[in-house]
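The next block holds one structure in the form of structure tokens; read it before the comments.
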Amino acid sequence: MTDDSNASALSRPPWADIPQELAEMIRPHLDEVADDMIQEIQARVREYSRPGDGPYSATLRLAVERVLQYFVDRIGSPDTPAEAVTDFFRAIGRGEAGEGRGLDAMQAATRVGGLIAWRWISEGAVKLDIVSSVVATLGEAMLMFQDELAAAAAEGYAQARSAAVGEMQRRRRRLLDLLLSTPPSSMDAIADLAAAAHWPLPRTVAAVALGGNHQDARLPALPPDILADLTRRQPSLIIPDPDGPGRAKLIDRALGDCVAAVGPTMPLNEAGRSMQWARQTLALSQRGIIKDTGVVRCVEHISTLIVFQDEDLLESLAGLRLAPLAHLRPSQQDRLAETLLAWLQSGRNANEVAMRLHVHPQTVRYRLRQLEDLFGDQLLDPDLRFDLEIVLRARRLLMVQGESLAVEVTGPNKAVAAGEVIALRP
């Protein structure tokens, strides 16, 4: 036989090579074969050993009888469509997935059933004096049929699992939306949806804001208790009990390649507040005002967040407190602002200012005399010094990024600031 004829023989379905009259010879024995199969399956496969369970036993018998009936029908008519029995096994696969079981027990039962069927075929072939080639073809048909049933069950199982995973993801996204809602949702609503999403309620949470487009990207493996939604306009995570042992390092590893900001730890029903701070932290980090690299934690930059909470107010405060510098050239403003900030931060120690700025102490003293002339008694008032440090810190952070904090005074503050400048000059 040539290679082509071998290939043709292997690809041809075996059913056509089985004498059709065998169907009527086998059909009277189907009830006995079914009884033997069920008994053996229940004896060998623990998951099916429920002889006292009426509905379960009835389902097992229905499956066995359908398989045997179809097998014989196909011998008698090789063109018999397989949809009825394969659809039934797809349903079995979906049912196993719905019950939270795998397919191992079903596949074991199929193998046991095939073994009993082969035993009957072998014994019947001897009694009926069926030639060995027909027996071999029957065996091949039976093995192919088992493969069809296993494939149908696996397909149904995969469909059900995919649907279950998709539904669970939808529930978790809805839960994340609920946790981040403003005003905060009720704890009862959160608890109900968390139970449906199989998400154990934590005592505390931290929200994570992600920068960039993550919709088509896959995050590194995250623990299953972390809620994630990368399809949101602002991709977000919620980390339960973020201060637990090892959690910080785990999150750093998982998000190491992402632009991410972690909000402060909050009670569960205040996750929205944590996200609010996380997003503000992320925005300042992306502007370069917060200079941390990798995962940025809000709690390490709270003072900066407070300063930049309302930049219109910050601008107004700068216009008011830095008005004495407004008439100077930009380079003069920069030098004196830098010196004044260093002086405020070093406890008003001129020598320490000189070390901070890497300039001669005499230069520092000269600049400080200029500042005294410009600001006068403002430098003696603790509250005004506090305001000055706020705006000077903000000014320095913005200048590094090429942004500016206006020193020019306009609008309703102009007369007030100008009056202060005049009053404070000797």
Side-chain angles (χ1 to χ4, degrees), residues 91 93-103 154-256 258 260-279 282 295 297-298:
R94 289 193 293 270
E96 294 295 280
E99 293 293 327
R101 294 188 293 265
L103 290 177
E155 183 181 350
Y157 186 87
Q159 289 171 347
R161 290 287 295 169
S162 177
V165 169
E167 177 59 26
M168 194 60 63
Q169 289 175 339
R170 286 189 289 274
R171 289 177 185 174
R172 289 191 161 215
R173 290 192 186 108
R174 289 200 299 272
L175 177 58
L176 188 143
D177 288 339
L178 194 66
L179 289 169
L180 298 181
S181 63
T182 302
S185 302
S186 71
M187 282 302 301
D188 288 342
I190 292 172
D192 289 345
L193 188 50
H198 297 176
W199 192 67
L201 288 177
R203 289 180 56 255
T204 59
V205 293
V208 179
L210 298 174
N213 180 9
H214 293 272
Q215 292 191 25
D216 299 324
R218 184 181 295 274
L219 281 174
L222 292 170
D225 61 343
I226 291 181
L227 299 179
D229 188 355
L230 306 185
T231 64
R232 297 167 62 92
R233 185 172 61 86
Q234 295 177 308
S236 307
L237 308 176
I238 288 183
I239 304 170
D241 296 321
D243 300 329
R247 296 289 274 180
K249 289 183 179 179
L250 185 150
I251 299 307
D252 285 345
R253 285 196 302 269
L255 301 179
C258 303
V262 182
T265 300
M266 294 282 193
L268 179 60
N269 64 340
E270 295 186 38
R273 288 180 59 201
S274 181
M275 180 57 78
Q276 175 187 351
W277 287 105
R279 287 174 180 158
L282 180 64
V295 179
R297 285 181 163 73
C298 170

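In this structure, CG in D243 is found 3.5 Å from OG1 in T265, a value given to the nearest 0.5 Å.
In this structure, T204 contributes its side chain and P267 its backbone to no donor-acceptor pair below 3.5 Å. A donor-acceptor distance shorter than 3.5 angstrom exists from the side chain of S274 to the backbone of A207, with no hydrogens or angles considered.
Checked against V208 for a side chain to side chain contact (heavy atoms under 4.5 Å, CB included), the options V295, L282, I239 give a single hit: I239. D177 pairs in a salt bridge (Lys or Arg N to Asp or Glu O under 4.0 Å) with only one of the listed residues (R171, R232, R172), which is R232.
Looking only at side-chain heavy atoms (C-beta outward), L230 and P235 come within less than 4.5 Å of each other. With contacts defined as side-chain heavy-atom distances shorter than 4.5 Å, the pair T231/R173 qualifies. When side chains are defined from C-beta on, P242 does not count as touching V262, because their heavy atoms never get closer than 4.5 Å. Taking 4.5 Å as the limit, every side-chain heavy atom of I251 sits out of range of all side-chain heavy atoms of L237. At least one side-chain heavy atom of L227 sits less than 4.5 Å from a side-chain heavy atom of L179.
Between I238 and A271, the shortest heavy-atom distance links the atoms CD1-CB, 4.2 Å. Nearest heavy atom pair, residue C298 against residue W277, reads SG-CB, 3.7 Å. Closest of all the heavy-atom pairs between R247 and I226 is NH2-CG1, 4.3 Å.
For Q234, the side chain to side chain contact (heavy atoms under 4.5 Å, CB included) partners two or more places apart in sequence, or in a different chain, are R279.
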Show every donor-acceptor pair shorter than 3.5 Å between a side-chain atom in residues 185-203 and any protein atom, with sequence neighbours excluded, or say none if there are none.
| unit_1 | atom_1 | unit_2 | atom_2 | d |
| --- | --- | --- | --- | --- |
| S185 | OG | L178 | O | 3.1 |
| S185 | OG | S181 | OG | 2.8 |
| S186 | OG | A189 | N | 3.2 |
| W199 | NE1 | D225 | O | 2.6 |

